[in-house]
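The next block holds one structure in the form of structure tokens; read it before the comments.
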Amino acid sequence: MSEGAAKKEEKPRKFQAIRGTRDLLPPETALWNRVEQTAHQVFATFGFGEIRPPIFEATELFARSVGSETDIVSKEMYTFVDRSEKLEPQPVIGSMDVFLQRVKQLYKSGEIPHDEIGLELVEKQWKKVDDLLKGASSIESGAIEIYELIMLFEALRLGGDVSLRPEATASVCRAYIEHGMQSLPAPVKLYYMGPMFRRERPQKGRYRQFYQIGAEVLGGSDAPAIDAEVIEMVVLFFDRLELQGVQLDINSIGHSADNCRRGYVEKLKAALDKVKDKLGPDSQRRIETNPLRVLDSKLESEQAIIATLPRIADHLCEDCAAHYAAVKHQLEMRGVIYRENWRLVRGLDYYMRTTFEITAQGLGSQNAVCGGGRYDGLVELLGGPPTKGIGFAIGEDRLILSLQESGKAPAMQGRDVYIAWMGERAHATAIRAAKDLRKAGFSVELPPVEQKFGKALGQADKLGAKHALILGDNEVFEGLWTLKTLADGSQAKFTEADLLEYLRKSESLSS
Ligand code: ATP
Ligand code: MG
């Protein structure tokens with residue numbers, strides 16, 4: 001290796017955030033905080049309490065609730081095997097027998113999902129290696145056999161499957177059951193906010209780690225007023241944030257798989273089979289796996305065909321039709337403006353009856369900022385009692401993007417006061433002044449080392465400070481401090497007590 005190449009090699013690796021993830025930085029994070037604060041406030045006025053479920057759960061929870069046929073579960077989840085704590089961290093060759101014995105025990109007791117084939121392969125290979133080692137004079141002669149053993153061992157399942165959550169409704173329902181919340185006064189109203197993970201193709205408004213703010217109403221009745229109030233709450237939240245171009249679409253997708261929905265899906269499938277040749281490969285596949293999802297297609301070439309397909313509204317059973325009519329009436333009573341969209345189906349399997357989606361401006365094709373709907377039966381599917389449920393999830397990243405596009409983002413928050421100090425005695429006074437100003441709620445920058453006044457003022461300007469407080473020996477000696485207002489360059493002298501008073505007043509004038 002040449003010297004140059006060796007040097008190149010030494011260069012430390014440069015790390016970057018993983019594809020589809022990103023850093024949220026100031027000043028943007030101030031907007032995130034404002035959005036989240038508003039959610040806490042608005043949701044509390046509707047009687048919702050916050051739940052913070054874990055970020056990862058048993059894979060099976062998502063497979064069962066979201067549905068193993070969905071894109072989310074079949075290809076977008078971040079799944080890994082969490083090695084059982086009941087196993088030694090890593091066996092050495094000498095303790096292999098004991099280790100494999102222990103694995104077998106855990107398979108038998110059901111603490112680890114079975115991997116009989118994997119175990120058999122490891123055992124066979126281990127026997128080969130063991131025989132080799134007994135007869136061999138040096139370990140090198142068995143290198144290939146040992147390598148193979150390591151590979152087989154690596155592939156052996158030593159724990160349960162867990163996944164980073166792709167959404168949070170399943171977790172909320174799991175928690176509802178686990179904590180026996182059905183004994184609380186119904187309905188139980190919960191909201192959450194936090195990161196979700198899906199391995200999708202990253203693009204504007206679509207990330208692999210993204211954030212959702214969501215809420216769920218569990219238990220009690222399925223009165224249409226509940227559906228309408230949940231929707232009213234999201235709309236009010238968006239209104240409070242002054243989100244622009246808000247458009248609410250609603251639909252009813254009928255009643256579970258064996259009722260009106262089944263009849264409709266059969267008709268839809270028959271109609272789709274007839275036009276199959278004219279559809280793209282994605283839609284063709286969906287005719288078999290999830291025909292409802294074809295309605296969701298955004299492909300330009302498919303729009304005219306989809307317009308001719310049977311509509312679910314014409315196939316709802318009496319109960320579902322009455323429920324849907326009542327939800328619309330309830331929305332009208334609340335002054336919530338909606339548009340009916342017969343093609344609106346949700347991507348997750350557990351939805352029924354009311355579904356809704358909200359779009360906003362400035363987002364291009366990823367313009368859905370909120371999706372929601374009713375999911376009676378999900379809690380039961382997860383092993384709980386029969387329970388009514390409805391909820392929504394807001395895409396916080398997209399919500400923020402839309403607010404930024406329409407100029408609703410706050411500007412960089414500058415410091416209120418930059419303290420320009422010179423001299424030892426002034427430093428002590430400056431530290432005290434900073435403490436008092438911060439206590440009063442002002443944002444203060446106190447330079448750690450002495451700066452010439454000219455440089456200090458330049459720095460204050462760069463940081464967007466409103467004021468510079470000038471503290472030199474003279475000021476300290478006289479007990480009169482100089483405050484410079486950077487916007488107009490004006491200057492005035494204050495005693496310590498007057499200064500606080502003055503800043504408070506100028507603050508309330510400017511806000
Ligand atoms: P889309 O059709 O846009 O993929 P979806 O049907 O997958 O949305 P849901 O699972 O209902 O969405 O999630 C609710 C909201 O979460 C969406 O409306 C969207 O705002 C947001 N969202 C979903 N996936 C992502 C993602 N990968 N990146 C950013 N936001 C997302
Ligand atoms: Mg999606």
Side-chain angles (χ1 to χ4, degrees), residues 17-22 24 32 35 39 62 65-67 69-78 163-173 191-216 230-231 234-235 237-238 241 243 245-251 253 282-283 286 290 292-299 341 343-352 354-375 378 389-405:
I18 285 170
R19 187 169 142 77
T21 74
R22 61 204 179 116
L24 304 173
W32 284 75
V35 163
F62 303 116
S65 61
V66 180
E69 295 299 307
T70 57
D71 282 357
I72 293 181
V73 170
S74 64
K75 49 187 194 213
E76 295 174 359
M77 282 209 299
Y78 287 93
S163 294
L164 300 184
R165 62 183 187 191
E167 55 101 55
T169 301
S171 302
V172 174
C173 291
Y191 75 95
Y192 60 84
M193 49 184 76
M196 307 295 156
F197 305 85
R198 295 181 194 175
R199 194 188 284 105
E200 301 192 78
R201 196 169 69 75
Q203 51 196 292
K204 183 185 174 194
R206 196 178 290 290
Y207 311 98
R208 291 180 168 182
Q209 173 171 340
F210 62 101
Y211 294 77
Q212 284 186 339
I213 301 177
E216 319 289 350
V230 162
I231 295 172
V234 192
V235 170
F237 170 57
F238 286 162
L241 292 170
L243 184 68
V246 171
Q247 165 73 52
L248 163 69
D249 281 14
I250 62 166
N251 191 23
I253 54 170
D282 279 343
S283 292
R286 289 193 175 124
N290 192 349
L292 278 178
R293 283 303 297 242
V294 177
L295 303 180
D296 210 18
S297 161
K298 310 265 183 320
L299 270 187
N341 177 356
R343 288 178 49 180
L344 181 66
V345 293
R346 306 290 316 139
L348 311 180
D349 275 0
Y350 50 64
Y351 285 106
M352 59 174 288
T354 310
T355 61
F356 59 98
E357 186 170 89
I358 299 175
T359 51
Q361 77 180 30
L363 294 171
S365 53
Q366 262 66 247
N367 64 350
V369 287
C370 174
R374 178 162 282 288
Y375 50 82
L378 175 59
I390 181 166
F392 63 80
I394 294 166
E396 193 177 0
D397 307 71
R398 292 185 196 173
L399 171 56
I400 300 269
L401 261 173
S402 178
L403 291 172
Q404 287 169 329
E405 297 277 321

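The model shown is predicted, which means the values in this text are computed figures rather than measured ones. Counting starts at 1 for both ligands and their atoms, following the listed order.
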Is the terminal nitrogen or CZ of R22 (NZ for Lys, CZ for Arg) located under 6.0 angstrom from the six-membered ring centre of Y207 and within 45° of that ring's axis? yes
Hey, looking at atom 14 (C) of ligand 1, which of Q212, R208, R201 has the closest heavy atom? Q212
Identify whether NZ of Lys or CZ of Arg in R199 sits under 6.0 Å from the centre of the six-membered ring of Y78 and within 45° of that ring's axis. yes
Ligand 1 contact by R398, heavy-atom criterion under 4.0 angstrom: yes
Could you see which bit of E357 sits under 4.0 Å from ligand 1, with heavy atoms only: side chain, backbone, both or neither? neither
Determine, using heavy atoms of Q366 and all atoms of ligand 1, whether some pair is separated by less than 4.0 Å. no
Please answer whether the main-chain N or O of P166 pairs with a side-chain N or O of R198 as donor and acceptor at a distance below 3.5 Å. yes
Which residue from R206, Q209, Q203, R198 reaches closest to atom 4 (O) of ligand 1 through any of its heavy atoms? R206
T354 OG1 to I390 CD1 distance, which is reported to the nearest 0.5 Å: 5.0 Å
For the pair E167 (side chain) and A170 (backbone), establish whether a donor and an acceptor sit closer than 3.5 Å, ignoring hydrogens and angles. yes
Output for pair (C370 SG, I394 CD1), nearest 0.5 Å, gives 5.0 Å
Near G205, which atoms of ligand 1 are under 4.0 Å from a heavy atom of that residue? 28 (N), 29 (C), 30 (N)
Less than 3.5 Å between some nitrogen or oxygen of A368 and one of ligand 1, yes or no? yes
So for ligand 1, is E200 a polar contact partner (N or O within less than 3.5 Å, distance only)? yes
